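Notes to accompany the following structure.
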Number of protein chains: 4
Amino acid sequence: MKTLSPRGEQIVDEAIELLSSGGLPALTTKNLAKAVGVSEPALYRHFKNKMDILTAILNRQEKNMPRLFERMAAQYESPLDQIQNVYARIFHNFSRTPAMAAVVFTEEIFRQESTLSEQMNRIINTVEDRILSLLKSEEGRRECRTDIPPRDLAQMMMGSSRLLVTRWRLGNYAFDLEKEGAQLWKSLRTILAPNLSSGTKR
Amino acid sequence: MKTLSPRGEQIVDEAIELLSSGGLPALTTKNLAKAVGVSEPALYRHFKNKMDILTAILNRQEKNMPRLFERMAAQYESPLDQIQNVYARIFHNFSRTPAMAAVVFTEEIFRQESTLSEQMNRIINTVEDRILSLLKSEEGRRECRTDIPPRDLAQMMMGSSRLLVTRWRLGNYAFDLEKEGAQLWKSLRTILAPNLSSGTKR
Amino acid sequence: MKTLSPRGEQIVDEAIELLSSGGLPALTTKNLAKAVGVSEPALYRHFKNKMDILTAILNRQEKNMPRLFERMAAQYESPLDQIQNVYARIFHNFSRTPAMAAVVFTEEIFRQESTLSEQMNRIINTVEDRILSLLKSEEGRRECRTDIPPRDLAQMMMGSSRLLVTRWRLGNYAFDLEKEGAQLWKSLRTILAPNLSSGTKR
Amino acid sequence: MKTLSPRGEQIVDEAIELLSSGGLPALTTKNLAKAVGVSEPALYRHFKNKMDILTAILNRQEKNMPRLFERMAAQYESPLDQIQNVYARIFHNFSRTPAMAAVVFTEEIFRQESTLSEQMNRIINTVEDRILSLLKSEEGRRECRTDIPPRDLAQMMMGSSRLLVTRWRLGNYAFDLEKEGAQLWKSLRTILAPNLSSGTKR
DNA sequence: TATGAATGAGCGTTCATTCAT
DNA sequence: TATGAATGAACGCTCATTCAT
């Protein structure tokens, strides 16, 4: 979680790029060194070993997600708007740098070491916590139907968004992620809307 | 898609087991041969190379999913019941043999070769097609709300179910997948239910 | 301690040769493979890793020393003759294949792994035990002075013989090890002889 | 042979410590720099390269041995007492700082470069020369039996003493070196004593 | 159908050393 | 006097795959 030198940041950048383009098998020290433009041993001045680099990638993501939520909290009043725009932002970022997409929603990459698995799990849980606290807030309870456990609602938002990104990647980024994401979230918002009738009925 | 010898099937079984326990890095010819109980060259009697084995794994999955849908079609009248029970069945199977879970919902594993990626994509699309045709059927349109594009509904069902499995794996299979899956689908069914009020209102 | 394939034996042979000519730093897998005339990975078909090869070298020595003592026991009646001829034999063998000398009397090589250290220690102790039991035998007590603890006598025989070999190696095998060894043992025998005068005097 | 800066001396100290604890493989520039508490390049301010450091270690030893002999010459009249106390002193020093023991009597460490080998050989020869001149002195010829070539006697003293140290190291410094050394030299002195009978006989 | 032996390519990593600052 | 950053060379070892038997 410590702060990295500029070279260290660059190494993480290129590592993400490699993971994105060829998955874990492409992230060899040789490839990485070449991408960074240094010799292989140079990597070891900045990271203890390869797993240290993978950890740094997850650390970066772990820092980014809360930051994103806070940014949206500053911009939007409505909890659901906040969540929706977090994902809009994610889709936007992925569209511009597909590399990150391959890493962020791709747990399998980090399966090999249990500490990485745990960190991945922690990131997912953190996001869920953010969503849950928004849903459970007073304002959230006004905006969002309450007949469904928030946990399941969060699962639907996160799950469908993630699957969208997965299919975007599998399909070689052929469709417009931002547009499809917006459409998906339009549907999600409709579904999440409180069932007015139940209150108004009669 | 050709049919395999018993040895071939056994090799695929063990390959899935290895993928499950240690991800792709664990699926080495050495590990696989030892797991099967033969020498490494013996593997090459049954498969041209390693990718051929990965393909066989996906082939098996590609055959299983439609079979599962048909089985449920024979058992249940309601389209939504059919879909729900497909996933109930999947959760059940995964609970008993977690190995398969690691493979089926894990696209990253097959990223390295584009032909595998495509096959993976095809499997997802096939499942989506099944769900869509059920949702669009006459009976489906009665059971399920029609104010949301079916594609988005399918994305939610598939996405949330997949994320549930992902988290189950990341959390070392700590929670009861079948029970949590049932709960998730209870919520999904509530959400999918047609908004009766809109029809009844006035 | 298991028996090796012919290739395995050949690898041990060449490993000893390398150790002899350049010490441990010369015993790289690359050098060894080249010396054997195979590729590096081929070594790993016969040994688990490099330390396994070092262990095999010591195993060979551990088997040889007792064998040597028994061979001499069959040839000579006198205990001291047996010991002396064990060393004569060792000097003879080293003269013909100096490689082994570098290894057998060179504990430092095996310092890096404590299990190797222990094995080395065990070999030395085994030799000492053999010598001690010969000295303490009835015939031994007749042949050899008893006013000195046998342990110290053994230390002198072993120590002076080993130092002779060490200096032979350090001096680039410049002198005749067999001849110098014979001279040393002539002196040792004189020293070991029971002080007849004390018994016979007057 | 030049004199070293304080930092240089400290580097040699730590190098000996490293050699002692892990043998030559442990004496890396990285380990050494860390032990000294400086960066790796700093080592090169004080020594041309790694071999230069090894040379400095041997230089220190080469200076120490004659000094030790002279110190004992000042303290003891009897030649044999002088030799015996040189070794007593060595055993004493080793007991307190086992590190040095690993280096002083361990020729193998310096095998890799022939110049180091030669220096090691020179040190041994110097010690032998000291011993020989003491044995051959008038007083020495009175104290020590003359029926054995002095060279062989020296070999026995040096060899058995060295082997004692070797076994002490191999056995993880488990026994009391000073005590065992005293016992060994008691026996050596008995053995070296002139055979009075031969003079008295007849 | 199976295997023991082998290999070229590549892996992550450490080595002693240099250079600019 | 010291260091942060870097490197060419080499390390031990594993990979998927082939071949003779």
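The model shown is predicted, which means the values in this text are computed figures rather than measured ones. Residue numbering restarts at 1 for every chain, and letters A, B, ... go by the order of the sequence lines.
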Going by an N to O cut-off under 4.0 Å, is there a salt bridge joining B/Glu62 and B/Arg122? yes
Option among C/Thr55, C/Thr29, C/Val12 that satisfies the side chain to side chain contact (heavy atoms under 4.5 Å, CB included) test with C/Phe47: C/Val12
For A/Thr28 and E/dC11, is the shortest distance between a side-chain N/O and OP1 or OP2 below 4.0 Å? yes
To the nearest angstrom, how far is A/Ile53 atom CD1 from E/dC11 atom C1'? 14 Å
Rounded to whole angstrom units, what separation is found between the CZ atom of D/Phe47 and the P atom of E/dA16? 15 Å
Atom pair distance, as rounded to whole Å: CZ in D/Arg45 and P in E/dA20: 13 Å
Whole angstroms only, please: what is the CD-P distance between A/Glu40 and E/dC15? 16 Å
Remember a base hit wins even if backbone is also touched, and classify B/Leu32 as base, sugar-phosphate or nothing at under 4.0 Å, heavy atoms. nothing
Can A/Asn31 and A/Glu14 be counted as having a side-chain donor-acceptor contact under 3.5 angstrom? no
Starting at the 5' end of DNA chain F and moving along, which residue's nearest nucleotide shows up first, A/Gly37 or C/Leu27? A/Gly37
Quick one: look up who E/dT21 pairs with, Watson-Crick or G-U, both distances under 3.5 Å, and put none if it's unpaired. F/dA2
Closest to the B/Ala42 side chain, choosing from E/dT3, E/dC15, E/dT17: E/dT3
Below 4.0 angstrom from OP1 or OP2 of F/dG4, is there any side-chain N or O of A/Arg7? no
Which nucleotide wins on minimum distance to the side chain of A/Val38, given the candidates F/dG12, F/dT17, F/dT7? F/dT7
Ignoring backbone atoms, establish whether A/Ser39 has a side-chain N or O less than 4.0 Å from OP1 or OP2 of F/dA6. no
Pair B/Lys34 + B/Glu40, salt bridge at N-O below 4.0 Å: no
Between C1' of F/dA10 and NZ of D/Lys30, the distance in whole Å: 16 Å
In whole angstrom, give the distance that lies between atom NZ of B/Lys48 and atom P of F/dT17. 9 Å
Would you kindly give the NZ-to-P distance between C/Lys50 and F/dG12, to the nearest whole Å? 4 Å
Under a 3.5 Å limit on both distances, the Watson-Crick or wobble mate of E/dT7 is F/dA16
Quick one: is E/dG4 close enough that its OP1 or OP2 comes under 4.0 Å of any side-chain N or O from C/His46? no
D/Pro25 or C/Pro41: which one's nearest nucleotide on DNA chain E is closer to the 5' end? C/Pro41
Nearest to the side chain of D/Thr29, which nucleotide is it out of F/dA16, E/dT17, F/dA5? E/dT17
Regarding D/Leu43, tell me which of base, sugar-phosphate or nothing describes its non-hydrogen contacts under 4.0 Å with the strands shown. nothing
Reading DNA chain E from 5' onward, which residue's closest nucleotide shows up sooner: D/Asn49 or A/Asn31? A/Asn31
Please check this pair: side chain of C/Lys50 against backbone of C/Leu27, looking for a donor-acceptor N/O pair closer than 3.5 Å. yes
Within this structure, what is the OH-to-C1' distance between C/Tyr44 and E/dG10, rounded to whole angstrom? 14 Å
Check C/Glu17 against C/Ala99 and note the closest heavy-atom contact, atom names and distance. OE1-CB, 3.6 Å
